[in-house]
Each structure stands twice: as C-alpha cells, then as structure tokens.
Amino acid sequence: MFTAGKYDVIVIGAGHAGIEAALASARIGCKTLMTTLSLENIAMMPCNPSIGGPAKGHLVREIDALGGQMGLTADKTCIQFRMLNTGKGAAVHALRAQADKKIYQAVMKEICENTDNLDIKQLLIEKIIVENKKIAAVITETGEIYQATTVILASGTYLKGRIIIGETIYDGGPNGQRAAINLSDSLKEIGIKFMRFKTGTPARVDGRTLDFSKMEIQKGDENIQNFSFMTDIPTKNKTFCYLTYTNNKTHEILKKNLHRAPMANGIIEGTGPRYCPSIESKIIMFPDKERHQLFLEPEGLNTQEYYVQGMSTSMPMDVQIEFLHTIPGLENAKIMRPGYAIEYDCIDPLQLKPTLEFKGIAGFFSAGQSNGTSGYEEAAAQGIIAGINAAMFVKGKEPLILKRSEGYIGVLIDDLITKGTQEPYRMMTSRAEYRLLLRQDNADLRLTPHGRSVGLVSNERWNRFQTKKAEIEIATSYLSNTILTPSKDINDKLISLNIGEIRNTMPLSELLRRPNVTYENLQTIFDIPQISTEAQFQVETNFYYEGYIKKQTELALKLEKLESKLIPQGIPYENILNLRSEAREKLAIIKPRSIGQASRISGVSPADISVLIVWIEQQKRLQSITQLKHHKI
Amino acid sequence: MIQIQGDTISAIATAFGEAGIGIIRMSGKQAIDIADRIFKSVNGKKLTEVKDRSIILGRIMDSKGAVIDEVVVLIMRSPKSYTKEDIVEIQCHGGLMVTQKVLSRTLEEGARLAERGEFTKRAFLNGRLDLSQAQAVLDIIQAKTNEALKTAEDKLSGKMTGEIYKLKQQILKIIAHIEAIIDFPEDDIENLTLNEITNEVTTAIDEVNELLDFETKSKILTAGIEVAIIGKPNVGKSSLLNLLSKSEKAIVTDIPGTTRDVIEEYINIQGVPIKILDTAGIHKSTDKIEEIGIKKTKEKIMQANLVLALFDGSREFDNEDETIINLIKNHNVIVLLTKCDLPTKIDSNKIEIHFPTEKAISISVKTKDGVDILRQNITDKIKNMSGDLAFIRNARELEALRHVRKNLEEAKDTIALNIGVDFISIDLRSALQELNTLTGESVDEDIINEIFSKFCIGK
C-alpha cells in the first residue's frame, strides 16, 4: 500500500475537539495532520448557534487560559454577549454568546490553515493500525497509509451515524454530512468498546416568516466581557434573540402524534441526554407544565435561518410544521431545515487514562463527543488536553493531568474516566465540588502556568499573565498590611462613600469584606496601588469570599494527599479477595491511577480503599524482601 | 516505614454490651489533647503532662461540666503503641449509654469516628505489624465491614433509616432547586426566594434536632427499657430474675437518687440497660391492702415497655392467672410457662388465646431450658418497639447527624449574608455529603438526578 505521509500526531476530525487538539500539538511543535470528511465543515456547529453558559463558559475560559483557540475565535465572531447569573456569586457568573456560525467556521479554518506544522486534509479514515500495543498508522478510504506516532480520535457523532426524522431513517453525520461507517468496526477489532448515544436538534426556520412582534426581545449586555484573557476591545452586540412559548394546542398536536415519535415507536435505540430532551419528551415527562419556552436565535448575520432553541424533535415533517404553527410568532413559519435525531457510536470513556490515551494502546488518544460527551465546549476542552498529551508523548515529557480542584476540565475528564457516563455528558457547575475555586474570572491564574510549561502559552500571553499576577500580589499585600485607625478624617471619608465608619483598628482589606465596597471605591479615598480592572476584581473577590475560599482550599488540599498516592499499574484486582466483588470488578475495569481516583469510583467503599492500601503495602514489602534475597545471591 | 501521625480516630474498642467495662480508644496526633479536654483527673494532673504508659483515674465530663462517668485513662505515646501513634484508652463502666456518651465527647472535641479496622490498618502501615500479619489485617477489615453491612441491612426496614432518608430528600430538594437555577438560568424554572430557602433549611434543622434530641430524651437510653415481671406467688419470679442477672453478667445495682417504693433492678441485655419492675404478687382477694397492691401493679404495667408474664406450668390454670391476663391483655407481652422441668399441668391454650401473636415459652430456671429463647425474644421485642428505636442508631449515624446540623446552621448564616445562592449550596452539599457517607451514594449523581427528575430542563 502507498504510504502518503508520516506525522507525529494525526487528528481524526476537525470539529471543536479536533481543532483544539491539532492546534495544540502543532503549536507545541509536533508535525500534525488534521483530517476531515469535508474541508467546508471545519469547526461546524450543527446544533445551537451559541457558545458558553454556566460551566460551558468556564470551560472556554480554561481552554483559553491554556493557550487554546475557542475563546479567541468566539470573541472575534460572536454577535451577542450575555453574562448569566450575575445576581449570584462570582463563581457561577457565566458568559454566553450567540455565534455567527459561518464566520466562526471561516475564521477557524483560516487559523488552522495558517498554523505552522499543521497539515489539513479532506480524508475519510477507515482503519486504525496498532502494532505491539502501539498506534502505528491510519488508512484512508482510498487506501493510502499515514504513519503516526500518535493518533487522536475526534470523530464526534459521525461513527455509524444514523439520522432519524419521523419514519425516515438514513445513515449520515450531522447537518447532511456523510457518516463514518467503517471506522467503528476497525476500532472494535482492536478491542475498543462502544456505547450508542442519541441526540437531537430542532428545526431552522426562515426569519422572513416570523412575527417578532409577538415575542419578547432578548438583548445582549451593555458592558460586554470577553471569553479570552487576551481580548481587550469589547465586541459589539449585533443581533437580538426572541422568546416565545408553546401552548395547549402545541401540546395537543404532539400528544396526538406521539405514536409517530421515533423514541416512542422503538426506532431509536440510543440513550439521549436528560438536559436536552426533545419537545415530545418534555410533554411526556412534565405533563402538568402548561407551556414550554422557546428561543429564536439567528444562525448568523448573513442568513435568514433561525434556530428554534428548546424545540428539539425527531417528529415527522408534517407534525413539525403543524406544531410550530401553533406558537405565537411562528404561525406562518417556514421550515428551512427540519429537526432530527442522530444516533451514533461513542467509546466507553472508562477505557481512557486521565491523559485521554487508551489504556491498552500507547499513543492512541480520544477526545470530544465520541467520548460520550455533548457540547462544543466539552469537546474543545478534551481536544486541547488530548493534543497537549499527544505532543508530550511524542516529546517524551510528563503528561498534563488537571486536578478536579484546578479546573472544570479536570472535573470533566475525571468524571468520564472514573464514573463513565450513561448519557451524553454535559458539564454543569454542580458537578464541581470546588466550584468556588473554579471561577471563570480566575481561569488564567489556575491554568496559564500549565499552558506555559507544556509550551502552548505565547510570550505575549505569559507577560500579560505575569503582570496581572504581580498586580494582585502587590495590591493584596498592600491592603493587608495597611492598618486603618478610626479617626474623624477617615470616617468622614468612608461616610462620603456610603461605606460606613469604622470603630476599631483594622487592615484596609477588611473594608473589602463589606458588601458593595469595591477597589475602585477605595481608590478614591486611599492611596492604594493602581491596578487593572481584572486584577481589582481578583483582589475584591479574594477578600470578600475569603472564608469560603479558604474552606474549599483546605478541603482540596486534604484530598490532594489521596491524589498523590499513586497505584502501581498492573494490579491483579481479581485476586484480591478481600475486596468486595463489585469493587474488584470496577477497579479492574477502571484501573485507577491514584487512591484518590479509586475512592471516587461508585461501588468502591472506604473499606475497599483500606484493603487496597494494605494490599499495596503488603506487595511493596514482599518485593523489597525478594530484591534483598536476589541481592544476597 | 514510619509515617507522620494521622488524623485522630476514635471508636469503642469493646464488643457491644458484652463486657463489664467499655473501652474507647483514640489514635492520632491529637488523641492526648482531645482526651485532656474531656477528662478531669483525680490528682489534678493534665494528661499532656503525665508520663508515658501511665494509668490515670478521673472523670469524663460533658460539655457543660457534668460528670458522665468515672474512668481510668491509659496513655501510650508514639511510637511505643499499637498504631505507633499517640493512643489514649478510656476505660469506663460498660453499657451502651456510657460508652456512647464518652465516644460522642471525643468526636465533639475533634476526633473522627474510625473506619472499620482502621486501628489495625494503621498498625500495619506504620510497621507495627509485620508482613506475615498482612493477610490478617485484610481479613479484619473485610470481616468488620461485613458485620457492619449486616446491621445496615437489618436497619433497612427500620424506622431510623426511613427518617434519615426523609431528611436526605429534604436537603436534596433544596440543593437541586438551587443548582437548577444556577446551571440553567435561562430555563423556565420557578424562582426560589431566600425566605423559602430559610424555611426549608429550618425545617431540616428541626428534623435533625428531633432525631438528636430523641437521643438525649429517649426514655430507653436514660432510664433503660422498663420490663415488668408479673405472676402469682411462687411462680418463680425471683429465681428467673437472678438467672437473667447472672447469665448476662448484669450490674445489679441500686440507682442512687431514684425514689422508689419497690426494689428495682438493672440488668443488661446486648448493651441495652433493662430496668426490671417487680410487681406485687397477684392473688384474688377483697382485702383493701391487696387492692392497693393491684392498683400499683397496674401502674407498673402501664409504665413498662414490656411485660414478662409468668405462669406456673406445673399447676393448673386458675383464677389468679385469669386476673393477670386481664391486667396485661393489651400490652407488649412475653408469655412464659415456668418450671418446665416438672410435668406440665397447665393448658397453655387458655393463655395463648388472649395473645394471638405470642407463643408461650416454656422455661426452667433449674435446667436453664428456654432461657436463650427468652433472651432472644426480649431482644427482638425491644427491636420491634415502634418509636423508641433510637438506641439502635449507631455512633456513625450520630456523628453524621451532628455534622449535618452544623452544616445546616452554617447554611442559615450564609443565607443571612445574602452573597448568592451558590454559597448556600456549599453548606447544604456538605450536609448531604455527611448523610451519604452512611449509604455510600454519590452526592453529584444524587443532585443531578434530582434536578432532571424535578425540573424540565432543555433550553
């Protein structure tokens, strides 16, 4: 067979996971190939035209802090920005933006095409070649071979993809793409286990046929914030979204046609996500709810297509048209693309290491929706980690494994590889036990040093980070060490700012613990260091929430001890009879890396952990005795 | 391999209720400090000052300074101890109530309840036990876990688990609502005001308090189970009592300060203190004094949690037996036919017909026939008593409940600060985590399942 090339890293897929993976490895300096079924569809958003939201926005900030691309491109191409949850604590503030899909794609394609070390090819990969438990090469549909030191699977929902619209079923990827039919079989041959998941998307309707006057208008924020720590100039809001509701008539039509819903008539086998149910599921599961909201969101500035958020469906076309027409403002709506359900193969993520490498196949990584997740942001987050770790593999360096206390990315990957998932996994802030530490505002402070150490953070980003960090340190130390004594002069000043007087001697920092006192306030009456707005926010937040932050930090440190207790590889769990049988089975599958990870496996009790610790110690002593004997001989 | 001393663990080291004394053992870097905070020695010396391996006599005090028990404390300093850590052993008078109270005090002062087999595990990991003992260590951990699982299973049908489950659902409901609002801000989710959260949290605190107060208020734990013994003269009451006392190594004692007009005795069955209420002999009489006697007996029966009704198996059923049956008909009763070593003359049907759920137990103090069955029966009856089950709640549950109360109270403080609902969730999550340590369920999964089952999510 013809060998067409040889790469350090080959990335299969050019979606959100593939792009971050390919850009990361290429930027670190590895010779990288990114393959895609269609060059027109790099960075395609086949579902909602938005990026971010709670936990997802956090992920984007983290990807950016590591030196990834998603945040930068989103800032450049998004057309409406909103910070959600501003009425709640800083930890759950979350940026969400409406994307212009086509422009987002165009910009991403341009960036990839102009990245050194990165080749992009339109190829369908059909076969994976493994030699001696090591990845060796990939073979294309047309038969040529690409040799590789590492391969990253980022094939999204394309593996054995099947589209379902009512009674109509055909093989295909999202949004009219081809499906990758043969690749799953090749992966099965090398021992990889699959699950079958399902997801869906709503119809797109023609904006010219919508009556927006019957809907509530949704505007963007006046003071825009950005995803990237590198973007200075606030982007302008360029568009609106609209809110309307279903009603009794809509529900009647859906109920009348439930027997035609593929999920009801047994056509769909895969497991769908609970957080993104189709409208027909919502009617079944919450029959008492009188109305469901839906948002009309533009797919871009240069198109009339509107995404009908909240109305995901796989009903037949006639039903889709009929129920949409019952909704205020959509009475005359024309569907441009129907809603559909897609079923696809995804790998069971329990087969992966925290580096996202397959346990039994050296150099073979997997990232994104094909790992059983959902969402552009979750995919991109895994992509950047897989890209970094493939590059570290090539260079023979330590991999990057983020802790749960360091980032949502750490939580995401640890959940996947430790607990697995029974539905497409979506990131939620409630999955993070250290939520207060993992704020979107401090993603750079948490992760930029990691990005720097693997070689993904540019000098420009690093300098910016260093400056911010220094500002925070200077201001923190100044505020903590400057002591205020109550005097008429000081109290007059405080009263003038509505801060309220002080009665006791206290450090200046104490004032920041009072509600509604900002750094800027204090600047007007005290001679405190001049620092950037971002640094001010950090200082305010750290003092204001200090007690809670301390509590979570202490908890994280306590559990970190367990994380650093590594478990030797190759333990014959099935022989440790003192473990309960459920624990034996789970441990044998998951092969945890540390005692900390083992303790998070469901079905592994504290007693099992004790048994494991004692057993490991026993083996260690046995080994040292054997070594001693050999030594004597 | 010597490791730094671990956190301080505490547990009751003696088997439940079997021993005449109870030992509470602590191990870890704070063990001596904690003991010092709850202990007053007779000679006024602090435990931190005494020599290694000393034995000190003194008293364990509760948080308000009242004496819980007179004890002997043994100090073994690191590394010359079983775990190679600082170890304190507190030897108190046996019995469930006292040992539990002393254990509770160590937990209140900062010790953590030991995992099953944790002392042995530490002994091994710290090099006190050698390699040949490793398998034994593994077996101990496994055995203790199985034992705990068994009792946990027993409790699944019990009232206690139901109450804790209810409490958990209560807390979970609040968290899921808060989390749904945070994670799905653009979905159509009902708002939750701080007032509503306060009310929910207050209700939860009330529930915890009820569960915990029950512990202190419980008549069973403070006064023990009250068992009345009734029977006509010469039926064998005293000899049965003596036998039960001896066979259970009971502490037969007068309790000082209790006013009483008849002698009351305490015996101890499976760690539960049992107070025996002796009743006046019942015979048919019109005598005024006897009437008073019957009236008093009736009062005792009303007061008792359980009645042991003795019928002489070697005599025919008579009017006196009839009177007794009428007195105890609607009570929690164990029916005993005494003197079963002699030929049976009584027709037990005449008794059993009045107690459809009971089968009479034939017993002989002389040959000890039936004594084991009786003992088992008493234990079963106690377990089945509705309402007063609190004594079955173990130290682990108590510790969890106390932490839950603390977390919930912190949640209330957080609500008052008004700094964002996500902070309230931090405290509530800690509370849920505590309850889940009892069942081993995952907090994250619980919360997420609750969100998706209660709220229609899916913008």
Side-chain angles (χ1 to χ4, degrees), chain A residues 53-55 84-85 87-92 94 96 245 273-279 281-282 285-286 289 291-293 295 309-310 312 415 419 428-431 433 435-436 515 544-545 548 551-552 576-580 600 602-603 605-608 610-611 613-615 617-618 621-622 625, chain B residues 1 7 115-118 120-121 124-125 127 130-131 134-135 137-139 141-142 144-146 148-149 175-176 178-188 414 417-423 425-427 429-430 433 437 440-445 447-449 451-453 455-459:
Chain A
L84 307 175
N85 279 338
K88 301 167 191 126
V92 296
R96 196 176 65 83
Y245 294 92
R274 286 176 295 176
Y275 46 82
C276 196
S278 60
I279 183 66
S281 303
K282 290 183 190 176
M285 284 178 348
F286 298 93
K289 224 167 145 62
R291 61 176 200 180
H292 295 274
Q293 58 179 18
F295 292 85
Q309 177 79 270
S312 163
D415 275 354
K419 297 173 186 161
M428 293 160 62
T429 70
S430 49
R431 296 191 195 268
E433 61 273 50
R435 184 158 65 192
L436 189 50
Y544 191 53
Y545 300 129
Y548 292 90
K551 222 163 127 184
Q552 289 213 328
I576 311 179
L577 298 178
N578 293 93
L579 291 170
R580 289 168 318 112
R600 285 191 295 275
S602 72
S605 70
D608 293 317
S610 291
V611 166
I613 291 172
V614 171
W615 192 88
E617 176 65 19
Q618 181 189 23
R621 288 189 205 173
L622 275 173
I625 289 174
Chain B
M1 162 182 146
D7 59 342
E115 301 283 347
R116 330 269 173 209
E118 195 170 3
T120 317
K121 178 180 118 186
F124 176 71
L125 292 179
D130 68 26
L131 193 50
Q135 189 53 45
V137 177
L138 290 171
D139 291 342
I141 296 171
Q142 189 186 20
K144 297 216 168 185
T145 309
N146 288 343
L149 278 179
I175 301 180
I178 294 176
E179 295 295 327
I181 289 172
I182 291 171
D183 268 320
F184 302 96
E186 294 178 293
D187 276 83
D188 196 9
T414 306
L417 286 177
N418 193 9
I419 51 174
V421 282
D422 47 317
F423 286 89
S425 186
I426 296 180
D427 298 316
R429 250 183 121 99
S430 305
Q433 182 75 55
T437 53
E441 288 159 297
S442 146
V443 170
D444 293 351
E445 285 306 305
I447 295 174
I448 288 166
N449 290 338
I451 292 176
F452 291 135
S453 68
F455 302 99
C456 183
I457 305 287
K459 192 203 151 186

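Side-chain atoms are counted along with the backbone in the values below, which use heavy atoms only and exclude waters and symmetry mates.
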Side chain of A:Asn85, backbone of A:Val92: donor and acceptor closer than 3.5 Å?
yes

Examine whether an atom of B:Gln135 lies under 4.5 Å from a heavy atom of chain A, and if so say whether it belongs to the side chain, the backbone or both; otherwise answer neither.
both

Would you give the length of the straight line joining atom CG of B:Asp139 to atom OG1 of B:Thr120, rounded to the nearest 0.5 angstrom?
11.5 Å

Among B:Pro185, B:Gly117, B:Ala134, B:Ala180, single out the residue with the greatest number of heavy-atom pairs under 4.5 Å to chain A.
B:Pro185

Given side chains that start at C-beta, do those of B:Glu186 and A:Gln309 come closer than 4.5 Å, heavy atoms only?
no

Side chain, backbone, both or neither of B:Ser453 within contact of chain A (heavy atoms, under 4.5 Å)
backbone

Any side-chain donor near an acceptor of the partner, B:Ser425 and B:Asp422, under 3.5 Å
no

Does any non-hydrogen side-chain atom of A:Leu622 lie less than 4.5 Å from one of B:Leu131?
yes

Below 4.5 Å from any heavy atom of chain A, which atoms of B:Asp427 appear? Answer side chain, backbone, both or neither.
side chain

Using side-chain contact (heavy atoms from CB on, under 4.5 Å) as the criterion, list what pairs up with B:Asn418, not counting sequence neighbours.
B:Leu194

Go through B:Glu115 and B:Lys121 one step at a time and tell me if the salt bridge (Lys or Arg N to Asp or Glu O under 4.0 Å) criterion holds.
CA-CA 10 Å; B:Glu115 301 283 347; B:Lys121 178 180 118 186; over 6 Å; no

Side chain, backbone, both or neither of A:Leu436 within contact of chain B (heavy atoms, under 4.5 Å)
side chain

Between A:Glu433, A:Arg274, A:Lys88, A:Arg431, the one whose heavy-atom pairs under 4.5 Å with chain B are most numerous:
A:Arg274

Considering non-hydrogen atoms only, spot the tightest contact between A:Gly603 and A:Arg580 and give its length.
O-NH2, 2.9 Å

Please look at B:Ile451 and chain A and tell me whether the side chain, the backbone, both or neither of the residue comes under 4.5 angstrom of a heavy atom of that chain.
side chain

Which atoms of B:Ile419 come close to chain A, meaning under 4.5 Å heavy atom to heavy atom: side chain ones, backbone ones, both, or neither?
both

Max heavy-atom pair count under 4.5 Å with chain A, selected residue of B:Arg429, B:Gln433, B:Glu179:
B:Glu179

Which portion of A:Thr429 sits near chain B, non-hydrogen atoms under 4.5 angstrom:
both

A:Met285 portion near chain B, given a 4.5 angstrom heavy-atom threshold
neither

Do you know which of A:Tyr544, A:Trp615, A:Tyr548 has the most heavy-atom pairs with chain B at a distance under 4.5 angstrom?
A:Tyr548

Pairwise distance CD1(A:Ile279) to SG(B:Cys456) - rounded to 0.5 angstrom:
7.0 Å

Using a strict threshold of under 4.0 Å (side-chain N to carboxylate O), is an ion pair present between A:Lys419 and B:Glu445?
no

If you tally heavy-atom pairs under 4.5 Å against chain A, which of B:Val137, B:Ile447, B:Val421, B:Ile448 wins?
B:Ile448

Please check if the distance between the ring centroids of B:Phe184 and A:Tyr275 is under 6.0 Å.
no

Which portion of B:Asp188 sits near chain A, non-hydrogen atoms under 4.5 angstrom
both

Counting heavy-atom pairs under 4.5 Å with chain A, which one of B:Leu138, B:Asp7, B:Asp444 comes out on top?
B:Leu138

Identify the heavy atoms of A:Ser610 and B:Ile141 that sit nearest to each other, and give their distance.
CB-CD1, 3.8 Å

Which atoms of A:Arg435 approach chain B - backbone, side chain, both or neither, heavy atom under 4.5 Å
side chain

Quick check on A:Ile625 against chain B: is it the side chain, the backbone, both or neither that has a heavy atom closer than 4.5 Å?
side chain

Between A:Gly89, A:Ser430, A:Pro54, A:Ala90, which has the largest tally of heavy atom pairs under 4.5 Å with chain B?
A:Ser430

Pairs of heavy atoms under 4.5 Å with chain A: top-ranked of B:Leu417, B:Val443, B:Asp183, B:Thr414:
B:Asp183

